[in-house]
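All remarks here apply to the structure that follows.
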Amino acid sequence: MKCLKCMEQIVPITTFKNIFKKRYQLLCNKCQKELVYGYYHEIIPINSGKIIHYFIKYNEIDSNYEIDQFLLEPLYQEALRLKLPTFYFDKIDDEIYHILDNLIWGDLLVITIS
């Protein structure tokens, strides 16, 4: 596999724990560290439970849909593991918070990239 940004060869490290797990890596570790400069997590209480809010801050200069999906993959895996309703927003403001607060769905998982 080659990195989408710098075209360097990516050599995955295979151990006995991950030998049968398929993991596709689109960026090398160096490019991923350059692109993502903030990864935050917060929990917001609402009437019917809580909002688990993940947001990523990254440089939008080299925006590419394949790279964006690569950055969101661990968060989607977490959503599948927790079995929670998941929403994706560009940003959360007061209006969206009030809408989510009035839903009676229990815990929610919200993902934003800014």
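Residue numbers run from 1 in the order of the sequence given. Any value given below was found using the heavy atoms of this structure, including those in side chains, with hydrogens, waters and symmetry copies removed. These figures come from a predicted structure and were not determined experimentally.
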- Query: Judged by atom type as modelled, is there a donor-acceptor pair below 3.5 Å linking the side chain of D101 to the main-chain atoms of I46?
  - Reply: no
- Item | Over all atoms of both residues, closest heavy-atom pair of L109 and A79 | CD2-CB, 3.8 Å
- Hey, what do you get for CG (L100) to CD (E95), rounding to the nearest 0.5 Å? 11.0 Å
- Task: With the side chain counted from C-beta on, respond yes when Y97 and I99 share a heavy-atom pair under 4.5 Å apart, and no when they do not.
- Result: no
Show me the side-chain donor-acceptor pairs of residues 85-92 shorter than 3.5 Å, one per line, residues at least two apart or across chains.
from: T86; atom 1: OG1; to: L84; atom 2: O; distance (Å): 3.1

- Query: Which residues pass the ring pair (Phe, Tyr, Trp, His ring centres under 6.0 Å) test with H98, sequence neighbours left out?
  - Reply: none
- Message: My understanding is that only residues two or more places apart in sequence, or in another chain, count here; which of them pass side chain to side chain contact (heavy atoms under 4.5 Å, CB included) with N102?
- Response: none
- Item | In one Ile/Leu/Val/Met/Phe/Trp/Tyr side-chain cluster, 4.5 Å: I51, I111 | no
- Item | E42 and I52, any side-chain heavy atoms less than 4.5 Å apart | no
- Hydrophobic cluster (4.5 angstrom, side-chain heavy atoms) - remaining members for I43: none
- Under the side-chain contact (heavy atoms from CB on, under 4.5 Å) criterion, do H53 and T112 qualify, and how do the steps go? CA-CA 8 Å; H53 182 209; T112 58; 3.0 Å; yes
- Between the side chain of D93 and the main-chain N/O of I96, is any donor-acceptor distance below 3.5 Å? yes
- Item | With E78 via salt bridge (charged side-chain N to carboxylate O under 4.0 Å, His left out) - residues at least two apart | R81
- Item | Path from I44 to Y54 over hydrophobic side-chain contacts below 4.5 Å | no
- Contacts of Q9 meeting side-chain hydrogen bond (donor to acceptor under 3.5 Å, both in side chains) (sequence neighbours excluded), chain-then-number -> none
